[in-house]
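Below is one structure, written out as structure tokens, with a few remarks after it.
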Amino acid sequence: DAKTTQPNSMESNEEEPVHLPCNHSTISGTDYIHWYRQLPSQGPEYVIHGLTSNVNNRMASLAIAEDRKSSTLILHRATLRDAAVYYCILRDDYGGSQGNLIFGKGTKLSVKP
Amino acid sequence: DSGVTQTPKHLITATGQRVTLRCSPRSGDLSVYWYQQSLDQGLQFLIQYYNGEERAKGNILERFSAQQFPDLHSELNLSSLELGDSALYFCASSVDGEAYEQYFGPGTRLTVT
């Protein structure tokens with residue numbers, strides 16, 4: 001699976017939008033982009049995933065660059081509960097996928113009241 | 001609550017000992033994954049089972065083994081424990097082996113003294 005690069009940490013103010021970037025310049029055509037987050041003292045939690053088009057769900061939005069070499073996870077209004085480590089993960093989900101996730105170091109998001 | 005349960009929550013044991021960690025997947029999920037999270041290595045995939053069969057193997061040591069039982073619960077056995085095995089062990093489950101979302105349990109914290 002291709003490698004991703006994320007900033008080590010980011011800060012945000014409560015109730016403001018947060019844009020978490022992820023670079024994946026060696027992404028292959030069959031790699032899906034997955035985002036998970038890990039709140040303090042908890043297991044990781046699925047956030048969102050996408051292939052080419054931008055995606056929205058109740059938790060967040062995922063904006064994918066046209067060349068797919070980068071993506072951005074958008075939290076529309078950060079809350080204190082969103083303080084977590086956010087992981088951007090690439091996985092080949094087409095035929096033969098093994099299903100496991102390869103986690104990097106992620107971005108630690110702090111949210112200030 | 002992800003619906004994945006892990007027992008015990010905490011385990012303290014001595015070097016050289018053997019322990020068993022237990023995971024019950026979400027109802028209906030056929031696939032179980034085991035991950036190890038330590039301070040220096042981050043979150044690492046260990047092994048995956050799908051409907052009772054081993055599906056994929058990651059960086060799992062030979063001293064570690066796992067199995068998935070007919071009722072789909074899984075056990076991770078760690079033997080000849082070393083200080084470096086101290087970590088958080090997470091179990092995750094998904095509907096099938098290639099599902100996009102993995103649901104993680106709360107983890108078992110293992111301390112080897």
Side-chain angles (χ1 to χ4, degrees), chain A residues 1-9 22 30-53 55-60 62 64 71 73 81 84-108, chain B residues 1-7 9-10 21 23-26 29-51 53-60 66 68 87-109:
Chain A
D1 290 301
K3 191 177 161 69
T4 62
T5 304
Q6 300 178 253
N8 289 335
S9 62
C22 181
T30 52
D31 282 334
Y32 277 71
I33 302 157
H34 298 259
W35 284 83
Y36 280 73
R37 71 179 184 181
Q38 187 172 19
L39 278 64
S41 303
Q42 293 189 30
E45 174 186 34
Y46 168 83
V47 178
I48 201 166
H49 78 276
L51 181 63
T52 56
S53 307
V55 185
N56 301 296
N57 67 18
R58 64 174 178 80
M59 285 182 73
L62 176 60
I64 301 172
S71 60
L73 180 71
R81 197 197 170 274
V85 178
Y86 286 78
Y87 298 97
C88 171
I89 301 166
L90 300 184
R91 192 179 72 185
D92 185 346
D93 286 339
Y94 279 8
S97 167
Q98 298 297 322
N100 57 283
L101 299 165
I102 300 175
F103 289 83
K105 296 194 183 305
T107 296
K108 183 171 183 177
Chain B
D1 183 357
S2 66
V4 177
T5 59
Q6 290 187 247
T7 55
K9 281 187 80 166
H10 302 277
L21 312 184
C23 168
S24 293
R26 288 189 326 150
D29 284 359
L30 297 177
S31 207
V32 168
Y33 310 77
W34 286 96
Y35 293 85
Q36 178 193 56
Q37 186 171 35
S38 60
L39 280 173
D40 53 346
Q41 295 289 330
L43 259 165
Q44 289 208 306
F45 166 70
L46 295 178
I47 196 163
Q48 176 197 356
Y49 278 82
Y50 174 70
N51 205 20
E53 302 282 328
E54 184 184 301
R55 182 80 172 256
K57 235 173 180 175
N59 298 325
I60 187 166
Q68 186 179 26
L88 265 169
Y89 291 83
F90 289 105
C91 166
S93 72
S94 64
V95 171
D96 60 42
E98 298 177 6
Y100 296 120
E101 298 180 39
Q102 291 185 17
Y103 296 87
F104 283 77
T108 293
R109 181 173 292 281

Across all chains, not counting sequence neighbours, the side chain to side chain donor-acceptor pair (under 3.5 Å) partners of B/Gln68 are none
Quiz item: Below 4.5 Å, heavy atoms only, C-beta onward: do B/Tyr33 and A/Leu101 meet side chain to side chain?
Solution: no
Rounding to 0.5 Å, atoms CD (B/Gln102) and CZ (A/Arg91) come to a distance of 6.0 Å
Answer key: most heavy-atom pairs under 4.5 Å with chain A among B/Gln6, B/Gln37, B/Gln44, B/Arg109 is B/Gln37
Looking only at A/Lys105, A/Glu45, A/Gln38, A/Gln42, the option with the highest number of non-hydrogen pairs under 4.5 Å against chain B is A/Gln38
In terms of heavy-atom contacts, A/Gly43 and B/Phe90 come closest through CA-CE2, 3.3 Å
Salt bridge (charged side-chain N to carboxylate O under 4.0 Å, His left out) pairs touching residues 35-51 of chain B, sequence neighbours excluded, are none
